[in-house]
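Convention: sequence-line order gives letters A, B, ...; per-chain numbering from 1. All of these numbers come straight from a predicted model, not from anything done at the bench.
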Amino acid sequence: MRIAAFAAAAVIVAAPLATARAENLTIAVSTPEVQISSEFTGTGVTIFGVIGTGHGLPAPGSAYGIAALVLGPPQDAVVRRKDNVLGVWINDASETFVRAPAFYALDSSVQRDALAKPATLERLGLGFDNIAFTYANRAAVNDPAAAEFRAAYIRLKQKAGLFSQQTAVDFIGDNIFRTTTWLPANTPVGRYTVLVYLFSNQALIAHAEDSITVSKAGVEQAIPTFAHSQALIYGLICAALAMSIGWLGGVIFRRD
Amino acid sequence: MLLYLPIAELSVNMFIIFGMGGAVGFISGLFGVGGGFLLTPLLIFSGIPPVVAVATVTTQIVASSSSAALSYWRRQLIDMKLAGVLMISGVVGSALGVEVFNVLRRLGQLDLIVSLSYVTFLGLVGGLMLAESVRAIINARRGRPALLRRPGQHTWVHGLPFKMRFKRSRLYVSVIPIGVLGAGIGFLGALLGIGGGFIMVPALIYLLRVPTNMVVGTSLVQILGTMAVATVLHAVGSQSVDVILGILLMVGGVIGAQFGARIGQNMRGDQLRALLALLVLAVAVRFLAGLVTVPTDPYSLAAVGGG
């Protein structure tokens, strides 16, 4: 049902782009709901895709290319740079990013320059260079200072395992492929968008969209929710808990 | 075993954190200090966000000080009136500390101020303690009696107005220095995630001439009260008290403290103080190194609005 619904959606969306072609794209996500529990150490989410041609074979003369993008929830973030002031390294310059992707994983079947024309890649935001960032204090995207902080943002996110780009889409049949995205232990919670683009001979011929919801499970969800909504009571409980543990320790290990 | 910390939003090795709490508890039992000045930096150096580290260590200080205060309470070595005055001023100080903490966090300068304060206070206190204990050790070696001034002797502090009588400590002093001391330590405690016992104890002995047998118990009650309030204020102000992290630290700390206290009973006071001074100085040097060496990565990334 679900797959059929997405296929229908994909066909409708893809229709104007693929007037001359018969292909449509259907995707399915292995784990649409990811739960972060206390022992969560990261998880792989596999996206399967089927290129529909009506007869199960690639259309004559086609050379398919796939780009699968998993975009994390947008978040406001600030990148700070330390500078040496009077011998001490302090946070000096900073840049605030508005609704920047908290997670970005791109997987393609071939190198990006073989996939599509640069203008197309830029329009679709495929590749680190093509992510459209919005800056809180800067309008000009070509500003060298913005470029510096943008590069730092991407590098820090890569270091945290939250930004990646690779060419590992795996064709398991002529028209069937899969790609796996690793959501690490520190993956942000929220709604992730899955975007899969089908190219043939450098032209976009179909695309499909799905989503992954990452949420904290059980206690891991309850504690922060409670800490935010009932901050005073949470604080009182923490203080009381601390005193009881201390008191208990003092009673158990009584020395005098 | 990895455990996900719901407020810090990262996974940590449960046994490492538990061990850290235990090791710091051991040291705090050994030297009779709270250990916050060691635990907060340890957590920060091991990747816990400074905001969460400072706020959560306040709960650990509440646990360890209530555990220790209990034994002083049994032996009636607490001046509740003095502790009460210190605590009231301490709460005012810690409210101010939490406020400054949140402002600095928004400005992105919290780490800097925390580091600078650690270098300044630990360097100063560690240096003074080391000098004092080395003198005491040398004197003991040469067979000279320790040059401790007796309680009851007066300093400039005793000339201040608004005097108040503290029967248990056999003191009649102005509330001004007591209030300043309590507020100052409450402020530092909330800002830096330390109990402040290592400042409070010498200040009570040398500045106010509180009898030595009353000092530790009284200081513990003041720390307990001030840090309990700081826990609540942090929970309300920055929502960064991680209860899971706190429990790990508390249980480890309470157990570790028992072993430390047993070993500490068999060591000489001046040697203990010299060791503690070296430890305090080592933490100060570590923070200083972090401030002046070229950072491996000058850039840092933080979510706006605390997630």
Q.
Heavy-atom pairs under 4.5 Å with chain A - which of B:Val294, B:Asp111, B:Ile247, B:Leu233 has more of them than the others?
A.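 The answer is B:Val294.
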Q: With a 4.5 Å cut-off on heavy-atom pairs, point out which of B:Leu116, B:Val62, B:Leu288 contacts chain A the most.
A: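 Max contact count across the listed options: B:Val62.
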Proximal component of [X], with respect to chain B [non-hydrogen, under 4.5 Å]:
X	result
A:Val189	neither
A:Thr96	side chain
A:Ile36	side chain
A:Phe149	side chain

Is [Y] paired with [X] through a side-chain N to carboxylate O contact shorter than 4.0 Å?
X	Y	value
B:Asp297	A:Lys82	no
A:Glu95	A:Arg81	no
A:Arg80	A:Asp92	no

Interchain contact, [X] with chain A, by part (heavy-atom threshold 4.5 Å):
X	answer
B:Thr58	neither
B:Ile244	side chain
B:Ser64	neither
B:Leu301	both
B:Ile7	side chain
B:Leu224	side chain
B:Val229	neither

Looking only at heavy atoms and a cut-off of under 4.5 Å, which of [options] has the most pairs with chain B?
options	value
A:Ala93, A:Ala100, A:Ala152, A:Ser94	A:Ala152
A:Gly246, A:Gly235, A:Ala222	A:Gly246
A:Pro224, A:Ser37, A:Ser244	A:Pro224

Q.
Students often mix this up, so state it plainly: with edges at 30° and 60°, are the rings of B:Phe287 and B:Tyr118 parallel, tilted or perpendicular?
A.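 Parallel.
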Would a distance-only check, ignoring hydrogens and angles, find a side-chain to backbone donor-acceptor pair under 3.5 Å from [X] to [Y]?
X	Y	value
A:Arg150	A:Ile131	yes
A:Asp210	A:Thr193	no
B:Ser240	B:Ala55	no
A:Glu209	A:Val196	no

Q.
Please give me the minimum heavy-atom distance between A:Tyr234 and B:Ala235, naming the atom from each residue.
A.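 Smallest heavy-atom distance, with atoms named: CD2-CB, 4.1 Å.
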Q) Side chains of B:Thr226 and B:Gln222: is there a donor and an acceptor less than 3.5 Å apart? A)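 The answer is yes; a qualifying pair exists.
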